[in-house]
There are 4 protein chains.
Amino acid sequence: MLIVMDKNADDAKIDGVVAAVEKAGFSARRIPGGHRTAVGVIHNGKNTDPDRFLNLPGVREVIPVTKPYKLVSREFKPEDTVVKVKNAVIGGSSFAVIAGPCAVESREQTDIIADMVKKSGGTILRGGAFKPRTSPYSFQGLGEDGLKILAAASDRTGLPFVSEAVDEESLEIVARYADMIQIGARNMQNFSLLKKAGAVKRPILLKRGICATVEELLMAAEYILEAGNPDVVLCERGVRTFADHCRNILDLSAVTVIRKESHLPVIVDPSHSAGRREQVVPLGLAAAAAGAQGLIAEVHHCPEEALCDGAQALLPNQLDILCKLSCQISEMIKGAAI
Amino acid sequence: MLIVMDKNADDAKIDGVVAAVEKAGFSARRIPGGHRTAVGVIHNGKNTDPDRFLNLPGVREVIPVTKPYKLVSREFKPEDTVVKVKNAVIGGSSFAVIAGPCAVESREQTDIIADMVKKSGGTILRGGAFKPRTSPYSFQGLGEDGLKILAAASDRTGLPFVSEAVDEESLEIVARYADMIQIGARNMQNFSLLKKAGAVKRPILLKRGICATVEELLMAAEYILEAGNPDVVLCERGVRTFADHCRNILDLSAVTVIRKESHLPVIVDPSHSAGRREQVVPLGLAAAAAGAQGLIAEVHHCPEEALCDGAQALLPNQLDILCKLSCQISEMIKGAAI
Amino acid sequence: MLIVMDKNADDAKIDGVVAAVEKAGFSARRIPGGHRTAVGVIHNGKNTDPDRFLNLPGVREVIPVTKPYKLVSREFKPEDTVVKVKNAVIGGSSFAVIAGPCAVESREQTDIIADMVKKSGGTILRGGAFKPRTSPYSFQGLGEDGLKILAAASDRTGLPFVSEAVDEESLEIVARYADMIQIGARNMQNFSLLKKAGAVKRPILLKRGICATVEELLMAAEYILEAGNPDVVLCERGVRTFADHCRNILDLSAVTVIRKESHLPVIVDPSHSAGRREQVVPLGLAAAAAGAQGLIAEVHHCPEEALCDGAQALLPNQLDILCKLSCQISEMIKGAAI
Amino acid sequence: MLIVMDKNADDAKIDGVVAAVEKAGFSARRIPGGHRTAVGVIHNGKNTDPDRFLNLPGVREVIPVTKPYKLVSREFKPEDTVVKVKNAVIGGSSFAVIAGPCAVESREQTDIIADMVKKSGGTILRGGAFKPRTSPYSFQGLGEDGLKILAAASDRTGLPFVSEAVDEESLEIVARYADMIQIGARNMQNFSLLKKAGAVKRPILLKRGICATVEELLMAAEYILEAGNPDVVLCERGVRTFADHCRNILDLSAVTVIRKESHLPVIVDPSHSAGRREQVVPLGLAAAAAGAQGLIAEVHHCPEEALCDGAQALLPNQLDILCKLSCQISEMIKGAAI
């Protein structure tokens, strides 16, 4: 941490800052400059809030230097984490395609779609049984019945499946059926849920909140690792901006940063970013080209009758194209040592 | 809902859209225009997803017309809701000042600050016992012990108090002690928690998420009202943007919109928006001038030793000024029939 | 500038960075920390790009410390700048109200509105003759004829007037007629125009771009001062975000930061921020409460017939209220030594 | 345009709106709904401001339906525009790679880099001679001397070149030397410059502003086409958000929307979006995968000595990889009929 002083801060003020830093249990180091002095704060492993010293007399700015995350960082663990989801794998040199309906609506619908996913070469089935919805009047999911339907489709096709938990109660239920548990974007900073996810014996798919920084996403994963669960997959799914031509702008630079900063695998959700079908394949292919280690996409055999997010669901032939081309692109760039 | 067709959409495509609308249980109405045709969808009270019809052949755009909220809307209940918090009142013609420490740290600290709040003319005490923190390594609050400290300070000063619940478990505990329960910005779309808050017999202070639209805030309140709790106070606390000179930009236009669209009271939190002390009083006064019905601010007698958010805590004399001037400004604009 | 090294950066890499810094003509200072080393760069008054050292081997991050602006900074000139606009004043202890039509449409319209402004207590007249419009098919302003109409209304009422220049050609023409020249939000980083504005003998009203940082706004003003014109008034007019309930969110924290960082006066435009009439008075009063040194607002006697931005134009009685209350609030807070 | 009435708007108010619409020269059509009435406005080709009717009594909302752009739209011209830049081509089925230094610094530097571009398979050379810089104290470019250097390198290598114009004066000079003229992000809404660019006999490379909507970008291009120049290439280069891990988030959904809405070619600038070298290749490949029709990237043989933006300049071998793989990916998706 660097405490930058005002230009006209005199020695008494600088002494005051040094004293405050040392009183708080850190080491202070004066750094005189051309125009102004700074005080370096040496943490020695202890954690502190940069704002703490912001209002001391003569202080102009406080600049954090060390990143706040530990267990998730590549500095802590240099080699890639590979997450096993039953017989499927996310991370390392593999490219995962997770696909399925937004919401489980019926056994028939789920079976048709699971077969589509299997046929297209998808590696994991997805489906929502507990749905977080902006409106209390919207379809909220089939709950445990939905999980039973997914489990049956999973058994039949051999595809492991992932489903979302929205609170502690649903976390326990989902953990009983699913092979992987999703924590959605709205719950990325639901710290109670993250701690519970850290105590569960299932890999976690953690989505980035729509206005979360990459650092906040990594800190959310840190909660899960810190609570004992090392199997976390991160998912970029777009950020909210002024733009109105898509739902959320997909942030592919986040993929490059996560791969550099963290050992955890990172995949991309083009469906929720796009919000409309025609953008899903181009964005999914872009994600593969940017170095994502997998995709999660929504599909539906009959989107105009979907109870939830039909407008963004891929049609069967689009899923075929997405699976085939994204894997090809991922292979191509892996070979190129970028 | 209005379904806008492509310029070159022929009659067959328009017929297809009309048929799809009616199959879904709505009424459709053709609206020919100069360049293109639109199809109006009449809901008759039923709820639907505007995206549902977006991918039908010939459809260019789907535009929602009706707002999705009901119970919270002024169209539903024209007169202002006034929320009683024990002996204090939020809404109507009163101006509420809620103040206290970010986090309860000790009995002594809380007592000193509660006395400051009382002396300055604050009407409700605030204090965090369960703290949502970005880092698992940061101070997480004293929990139930913190609530006991707050309750004692409340008893002694006669100020009712509000404290935050971060999950179902803490909601039950907070409800046992506090006079009002805060749902924080990060939990604004924690729908499970909102439903539980709707079943509690305590008024709820619901903070806007840092990238939530006003409509999403009102929908979050709708969850609480729909679950049976009519006593909700909304709180604007800034939105996340590219700007780096404050923590979150305070959105005072949201105050004017909420007062127009909803009967629920709306207050403003200048402390978390500013993130630094020197901006808190100006922003608090600005909120009063914009028509907010109260403020919630953080204070500390010794901010450089605060365990959480010390940089934004007001000093005692600043709280005095904020209380006095914000009430004066609120009176002034009330008299002016803006 | 602080160059933060990777945790595992060895001495050779640190030496390399030190050498690169010194080769570039700066002084370097090693700052060993608990976990990693940083290298401080001492500018000695020379300017450099922080990104320059970002890709040297072993460098993790480069953090700028010194602010890039000089002439506009309060560190350079501690006392407030007061800008004279003919017989009116902006800055210091005065509160300025600039008002008038969005666009000059006719002599009659301008005369009626100028009388309204005069009667309400406005101090400067505004009116657009050269209009920057998103669409080439929208009304582009009356040009020089509009300036003649404004000049006549200004002579008659005794109100000085401000009008916008959109390029070099219009800058020369506006400078011939107007008492103050506006550089609009879209041109805030039109550096050629800024340099020309620096050479003109007229005060400049410089609006913040809708996604400009405060630092960029100050750097834009630096261009004008550096080119020789010290009379610059800054104007906050809202930033673009995801929010759809107003045109641009008014950023009142920017007002507090500008007043701290710079000696230049700062005013607020609630009309373009709001985009709809009902929000203009609340936001204008909020600006006064936050410490703005004036307002610029649009008015129209018959807004539904306005050729431009009628929806945000104040009605005559609203302008009365805005002038009266904003001045009262400004007085009140000045007396309070916040 | 659709004018939505309040729920309780009576017939008199609806009649008032209909009358106002017809007085303004449009046709009005009543659209009664289940809960409220709307009034459809039929333009008949005339242009109007949607805000115009927003404040009429009883009006709740005004919703534009028709898009404001014409000449740039695919509805107006269905087939792809292909822009010729001397012997190079942008648009249609070709994939263009424009590369070169951020700023021309010297003849030697430009020659070395032009040879790199040629060798890597780039099709057009880029280089800045007039540089828009945030600070008046930063290197502002070599001006006409820089253009002469570029012209010589272009002659020698056979690569046509593009260079930026920042005002009318530089536009004329650049037009004398360069094969294509760039209008930068900061000037996207410099409407005077756009009109002048419309009168020039050179193709224009128009960059999207960092907080411009796609609609605003298309309207900016409309200015150029309307002024007589049909040869416009659009360029996505990232939008400004809260994120701090890249300079601007690259918005690849914009590429898909532009290709759908407009016949103009669209390319992507990964360098300015990334702001740091390590993200440029991944983002460039992602752009190709998303359907961009070309890239523009910055390269430097010795980035740590670059006078401008060295941190984002590609190294020679990175340019090789980018050229080769982006063309391969572009071919692959073209063959797949997405």
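Each chain gets a letter, A, B and so on, in the order its sequence line appears, and its residues count up from 1.
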Asker: In Å and rounded to the nearest 0.5 Å, what is the CG to OG1 distance from D:Asp251 to A:Thr241?
Answerer: 7.0 Å
Asker: Using side-chain contact (heavy atoms from CB on, under 4.5 Å) as the criterion, point out the one residue from D:Ile249, D:Leu250, D:Leu252 that pairs with A:Ile249.
Answerer: D:Ile249
Asker: Restricting to salt bridge (Lys or Arg N to Asp or Glu O under 4.0 Å), what partner residues turn up for D:Lys260, sequence neighbours left out?
Answerer: A:Glu278
Asker: Under the salt bridge (Lys or Arg N to Asp or Glu O under 4.0 Å) rule, collect the residues that match up with D:Glu75, sequence neighbours excluded.
Answerer: B:Lys7, B:Arg36, B:Arg60
Asker: Top residue by heavy-atom pair count (under 4.5 Å) with chain D, among A:Ala254, A:Ala243, A:Ser253?
Answerer: A:Ser253
Asker: I need the contact set between residues 323-331 of chain D and chain A: heavy-atom distance under 4.5 Å, sorted by residue number.
Answerer: D:Leu325, D:Gln328, D:Ile329
Asker: State, to 0.1 Å, how close D:Phe242 and A:Val239 come at their nearest heavy-atom pair, and which atoms those are.
Answerer: CZ-CG1, 3.9 Å
Asker: Measuring from atom CD of D:Glu261 to atom NE2 of A:His245, what distance do you get when rounded to the nearest 0.5 angstrom?
Answerer: 11.0 Å
Asker: Quick one: what part of D:Arg240 sits under 4.5 Å from any heavy atom of chain A, side chain, backbone, both or neither?
Answerer: backbone
Asker: Determine which residues belonging to residues 281-292 of chain A lie within contact range of chain D, meaning some heavy atom pair is under 4.5 Å apart, and list them by number or answer 'none'.
Answerer: A:Val281, A:Pro282, A:Leu283, A:Leu285, A:Ala286, A:Ala289, A:Ala290
